[in-house]
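Single-structure report; data block below.
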2 protein chains.
Amino acid sequence: MGRNRTIELLRDVDDLPADDRQFVAALERGLRVLRMFSSAHETLSNGELSRGTALSKATISRLTYTLSRLGYLTHDPASGRYRLGPGALALGYASLSKFDVRQVARPLMQNLADYAGASVALCARDGLNMIYLEFRRSPNALGLGLDIGDRIPLATTSVGRAYLAAMSDEERKPLLDEIRRNDPSAWPKVRRGIEQAIRDVAERGYCTSLGDWVPEIHSLGVPLDVNSPYGILSFNIGGLASTLPPRLIETDLAPRLIGLTRRVAEMLGASAAAERLPVKPVKSGR
Amino acid sequence: MGRNRTIELLRDVDDLPADDRQFVAALERGLRVLRMFSSAHETLSNGELSRGTALSKATISRLTYTLSRLGYLTHDPASGRYRLGPGALALGYASLSKFDVRQVARPLMQNLADYAGASVALCARDGLNMIYLEFRRSPNALGLGLDIGDRIPLATTSVGRAYLAAMSDEERKPLLDEIRRNDPSAWPKVRRGIEQAIRDVAERGYCTSLGDWVPEIHSLGVPLDVNSPYGILSFNIGGLASTLPPRLIETDLAPRLIGLTRRVAEMLGASAAAERLPVKPVKSGR
DNA sequence: AAAATATGTTCCGCTATGCGGTACATCCAC
DNA sequence: GTGGATGTACCGCATAGCGGAACATATTTT
């Protein structure tokens, strides 16, 4: 039966088509737990995990036990709290390190961040979020305490909207559906923001979010449509509203961020080169 | 057995006490899959994964499907191969970024790497491996293509032995048992190396591995016994045998690496400060 | 050209798995 | 003390998810 035609978009957690004989739920649950750890929650207790993941206490207990045995979490016996262990590190870093857009973009991002007295980020999509791949900020910039690996919403941030604006209509459609389903009550407003962004990107090359996500934060985003394994990427400049007034964005920062994006895109002509090492069988010990 | 032409870093801690009512096996299997991806294997096919993890084809197929849906892997339809997706990144990076030993040590490590024309690494233990937390190398140094997040064996490398040397006898005991069980035939030789290292560290503050892991690689290691969430850490200098002759190590490099370690340890007086944010319940959507 | 290999996906029966309710054990605060 | 948290352990039961095999599909061999 050749019915597996659907494009593999990364459907986010939460909506499991339930009756999927292929889906390994226990794995998903375990990853839900790991996912809770971010720069905002360096350490978490079983209780917090249970609340944050909507999994039963017993289940969490088993999962944290398993993850600890495997080195993905470490347990602080004194506080009874967990934090990411050395094992977790290997996962993420491997993908980051060889990802050359970052190397190329980093110095330019730092310059612009310093110039604007704000922060500049490079993001990819992860479900209904945008995830920080690279992040530079001006030393004296105030802002949210974000860092590489953190996630921010897709629908209400400028990076997210820039991302959406760069997609083809067919790709965007299902994603918008999901956003709507995810929070129907917010949808009318969210939708307007996105449509505006699509127009803005088409006409001026950038879009904004002036307090649409966090009231006191302004930001602008520009998509980078380059052939990366993570698909479309996008840049933003973000900071306090007072630092980034609309006029400044429009006349000065937007052209600069667009320029940055253009230069990065140019520098990425020669990439690729996939090496494929053979993988030896592992003795099935156990 | 055959020559180790390709270095297999991913040997897992294969021996789990099996009958553990608390242990979630499906989760472990899924993580085994993610773990296969490293700087040596940027992309992998289902077949390679099946071989490398000793899991059945059907199981791998289900796991890669699940991981892809969740954004931890991305699938390249053309080649049929997987690579780590944006989701994976969030895991590792969160733990790395806030880990201040790295910030402190990095510049010193770079200096020493440049001076020695070799590479310098900071490692923690992950099962029976040492994992690279930070890594600096001289621009013109040849060596293994390692990077942050990669793993190398505990028992035959200098960092690993330095780590072992810094443990208390009671802690070390079970670990040594595990090493022995993991490869009984190699044990006599491995054991001698470790005992030598323990003596060396006690008497001179460092230990070496002169080709004990990879024939043409020499290295020396120094433990850093500081109160970190990852437990004991250790530094190494590593490079080609011709670059790191024993005499040079003994007279020049060892004192320098010990000095580096000492300085890092001193700088880490004022650390700690744990912030604990509350965790809001998640609407149990589903 | 098959035919032979190697690859990945799907199907399906069976059992071990892992889920969650409950009970138990601590630890706080008051 | 009691009441409210917290985390672990137990255990019955449904089902998740495992693996062998059948089925596709691509790649190479003859």
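Owing to the predicted nature of the structure, the values given are computational and were not obtained by experimental measurement. Numbers restart at 1 for each chain; the letters A, B, ... are given by sequence-line order, proteins then strands.
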Which residues pass the side-chain contact (heavy atoms from CB on, under 4.5 Å) test with [X], sequence neighbours left out?
| X | answer |
| --- | --- |
| A:Ser61 | A:Asn46 |
| A:Asp225 | A:Ile232 |
| A:Thr74 | A:Arg83, A:Pro86 |

Separation of atom [atom1] in [X] from atom [atom2] in [N], rounded to whole Å:
| X | N | atom1 | atom2 | result |
| --- | --- | --- | --- | --- |
| A:Gln22 | C:dC12 | CD | C1' | 13 Å |
| B:Leu63 | D:dC18 | CG | P | 6 Å |
| B:Arg81 | C:dT9 | CZ | P | 14 Å |
| B:Glu28 | C:dT17 | CD | C1' | 14 Å |
| A:Tyr65 | C:dT17 | OH | C1' | 15 Å |
| B:His75 | C:dG8 | NE2 | P | 9 Å |
| B:Leu49 | C:dA6 | CG | P | 18 Å |
| B:Phe23 | D:dC10 | CZ | C1' | 20 Å |

All ring pair (Phe, Tyr, Trp, His ring centres under 6.0 Å) counterparts of A:Tyr163, not counting sequence neighbours: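 For A:Tyr163 there are no ring pair (Phe, Tyr, Trp, His ring centres under 6.0 Å) partners, ignoring immediate neighbours.
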
Partners passing ring pair (Phe, Tyr, Trp, His ring centres under 6.0 Å) against A:Phe37 (at least two apart in sequence or in another chain):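 Partners of A:Phe37 under the ring pair (Phe, Tyr, Trp, His ring centres under 6.0 Å) test: none.
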
Worked verdict on B:Leu49 versus B:Leu55 for side-chain contact (heavy atoms from CB on, under 4.5 Å): CA-CA 8 Å; B:Leu49 287 168; B:Leu55 296 174; over 6 Å; no

Five-pair end axes of the helix from C:dA1-D:dT30 to C:dC30-D:dG1 and the angle they enclose, rounded to 10°: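 The angle, to the nearest 10 degrees, is 30°.
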
Look at [X] and [N] and indicate whether a side-chain polar atom (N or O) is within less than 4.0 Å of OP1 or OP2.
| X | N | value |
| --- | --- | --- |
| A:Arg51 | D:dT6 | yes |
| B:Ser45 | C:dG8 | yes |
| B:Ser61 | C:dG8 | no |

A:Ser50: side chain to side chain donor-acceptor pair (under 3.5 Å) partners, not counting sequence neighbours: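 Partners of A:Ser50 by the side chain to side chain donor-acceptor pair (under 3.5 Å) criterion come out as none, since no residue qualifies.
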
Side chain to side chain donor-acceptor pair (under 3.5 Å) partners of A:Arg151, counting only residues at least two apart: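 Checked A:Arg151 against side chain to side chain donor-acceptor pair (under 3.5 Å); matches are A:Asp126.
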
B:Asp177 bridged to B:Lys173 by N-O distance under 4.0 Å: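 Answer for the salt bridge query: yes.
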
Below 3.5 Å between N/O atoms, which protein atoms pair up with nucleotides 19-22 of chain D? Just atom names and distances, please.
residue, atom, partner, partner atom, Å
D:dG19, OP2, B:Ser56, OG, 3.2
D:dG19, OP2, B:Thr59, OG1, 2.5
D:dG19, N7, B:Arg62, NH2, 3.1

Closest nucleotide among C:dT10, C:dC19, D:dC18 to the A:Ala26 side chain: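 Minimum distance to the A:Ala26 side chain belongs to C:dC19.
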
Nearest listed nucleotide, side chain of A:Asn46, among C:dT9, D:dG7, C:dG18: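 For the A:Asn46 side chain, the nearest candidate turns out to be D:dG7.
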
Whichever of A:Gly47 and A:Leu27 has its nearest DNA chain D nucleotide further upstream toward 5':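 It is A:Gly47 whose nearest nucleotide is closer to the 5' end.
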
